[in-house]
There are 2 protein chains.
Amino acid sequence: MKGELLHAERKLAEREFRITPQRRTILKVLRSHQNRHLTAEQIYRIARAQGFKLGLATVYRTLMDLERLGLVARLEIGKGPARYELTPTHTQPHYHLVCLRCGRIFEVTASIPEDFQKIIAQNQNFAISDRSIEVFGYCEACRSK
Amino acid sequence: MKGELLHAERKLAEREFRITPQRRTILKVLRSHQNRHLTAEQIYRIARAQGFKLGLATVYRTLMDLERLGLVARLEIGKGPARYELTPTHTQPHYHLVCLRCGRIFEVTASIPEDFQKIIAQNQNFAISDRSIEVFGYCEACRSK
DNA sequence: GTATCTGCAAAACTTTTGCAGCTCG
DNA sequence: CGAGCTGCAAAAGTTTTGCAGATAC
């Protein structure tokens, strides 16, 4: 097991969370699937497939903690279970293009236009977070049918 | 009961759906709460409180049908049950500002900037639907605490 | 040593489905 | 009349919780 503590681990330690093998494992799985938007169940399966022992409830509990710390974002996309992604360390907001047909999520990392931000900020005095923006529509594959 | 058939009812009839009292009721509740983003359960309770008889399963089934017809949009916001809104007849895409703290949804009806649309369209050859775009952040009330 | 964490199983919730009977057109 | 719709209750699927034992610090 690695000795070094990465960003997320440091943040956990700072807030008096314990660095357990289970939590390390979950972070590791998330790190090795940066663009996959995994469900809790998938994280659980991947971890077990790699020989780590942990329970599904622990995955849910850990994801909840990580979300509160701002290390993980929870995405509710269409039906079925929620999906989770590691929030990049030096993140700029990014877009999620969600296909209403196939449910796949495409990432666009482009900064958000100035005038767009103004509209939002002025209209309700609303502060955009560093989370993603979700745009719904139809992907190329689904449209060409 | 009204004799006239409104937009939604006409659309249902066109597609060989039957106009039943239950479906009328559900549409009526949605119409009288245009900006409220109701859950299936809430629709069910409101309808019953007004003296209409119907089952929760019917509400779910009807909402599913209405969604397929494009008359209703299903919103997954944070935890808990999904929420539904009537899609305006002559709609332009609108924004939903979702507060990550209190979960409230604020509407912004402003057209989507040109350059924004271009970024999306070009990047993945993705076609934005007439559904809303969801932006996450913190509302005024929650920030002033 | 002890407050925190974990696994398991049960509970809680939301949504879907099977089926017998009812109703719209 | 007949295809489609409804209500009920049961099932399915996802997430949370209680608790006894284990563990990080």
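Order of the sequence lines fixes the chain letters, A, B, ..., with proteins taken first and strands second; residue numbering starts at 1 for each chain.
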List the atom pairs, with distances to 0.1 Å, where a side-chain N or O of residues 69-83 of chain A and a protein N or O form a donor-acceptor pair under 3.5 Å, not counting sequence neighbours.
residue	atom	partner	partner atom	Å
A:R74	NE	A:E76	OE2	3.4
A:R74	NH1	A:Y84	OH	3.2
A:R74	NH2	A:E76	OE2	2.8
A:R83	NH1	A:H37	O	2.6

Inset, instruction - Using a 4.0 Å cut-off on protein heavy atoms (strictly under), produce a 5'-to-3' string for nucleotides 20-25 of chain C with B for base contact, S for backbone-only sugar-phosphate contact, and - for none. - result: ---BBS
Inset, instruction - Report, as a single string ordered 5' to 3', how protein heavy atoms within less than 4.0 Å touch nucleotides 9-17 of chain C: B base, S sugar-phosphate only, - not at all. - result: -----SSBB
Let me know the distance between [atom1] of [X] and [atom2] of [N], rounded to the nearest Å.
X: B:R23; N: D:dG7; atom1: CZ; atom2: P; value: 11 Å
X: A:K53; N: D:dG21; atom1: NZ; atom2: C1'; value: 17 Å
X: A:R48; N: C:dG7; atom1: CZ; atom2: C1'; value: 9 Å
X: A:D65; N: C:dC5; atom1: CG; atom2: P; value: 7 Å

Inset, instruction - To the nearest 0.5 Å, tell me how far B:T87 OG1 sits from B:L30 CG. - result: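 CG of B:L30 is found 10.0 Å from OG1 of B:T87.
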Legend entry - Atom pair CG (A:L86) and NE2 (A:H7), whose distance is rounded to the nearest 0.5 Å: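 That separation rounds to 8.5 Å.
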Legend entry - A:Q22 vs D:dA24: side-chain N/O to OP1/OP2 distance below 4.0 Å: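 For D:dA24, neither OP1 nor OP2 has a side-chain N or O of A:Q22 closer than 4.0 Å.
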Legend entry - Residue pair A:F106, B:F126: steps toward the side chain to side chain contact (heavy atoms under 4.5 Å, CB included) verdict: CA-CA 9 Å; A:F106 303 87; B:F126 193 88; 4.1 Å; yes
Inset, instruction - Using the side-chain hydrogen bond (donor to acceptor under 3.5 Å, both in side chains) rule, collect all pairs that involve residues 46-57 of chain A, keeping only residues at least two apart or in two chains. - result: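 Qualifying pairs: none.
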Inset, instruction - Output yes when A:R31 and A:E9 qualify as a salt bridge under the 4.0 Å nitrogen-oxygen rule, no when they do not. - result: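 Result for this pair is yes, salt bridge flagged.
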Inset, instruction - State which residue, out of A:L54, A:V29, A:I26, A:T39, fulfils the side-chain contact (heavy atoms from CB on, under 4.5 Å) condition with A:Y44. - result: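 Of all the options given, the one that passes is A:L54.
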Legend entry - Global bending angle along the helix from C:dG1-D:dC25 to C:dG25-D:dC1, which compares the axes of five pairs at either end, to 10 degrees: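 Both end axes considered, the difference amounts to 40°.
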Legend entry - Non-neighbouring partners of A:R45 that pass side chain to side chain contact (heavy atoms under 4.5 Å, CB included), sequence neighbours left out: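 Result, side chain to side chain contact (heavy atoms under 4.5 Å, CB included) vs A:R45: A:E41.
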Legend entry - Test item: B:H33 and B:I46 side chains (from C-beta on) under 4.5 Å apart, heavy atoms: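 Touching, per the 4.5 Å side-chain cut-off.
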Inset, instruction - Answer yes or no: is there a side-chain heavy-atom contact under 4.5 Å between A:Y95 and A:E134? - result: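 Answer no - side chains too far apart.
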Inset, instruction - Identify, with sequence neighbours excluded, every residue that meets salt bridge (charged side-chain N to carboxylate O under 4.0 Å, His left out) alongside A:R68. - result: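 If we apply the salt bridge (charged side-chain N to carboxylate O under 4.0 Å, His left out) test to A:R68, skipping adjacent residues, the hits are A:D65.
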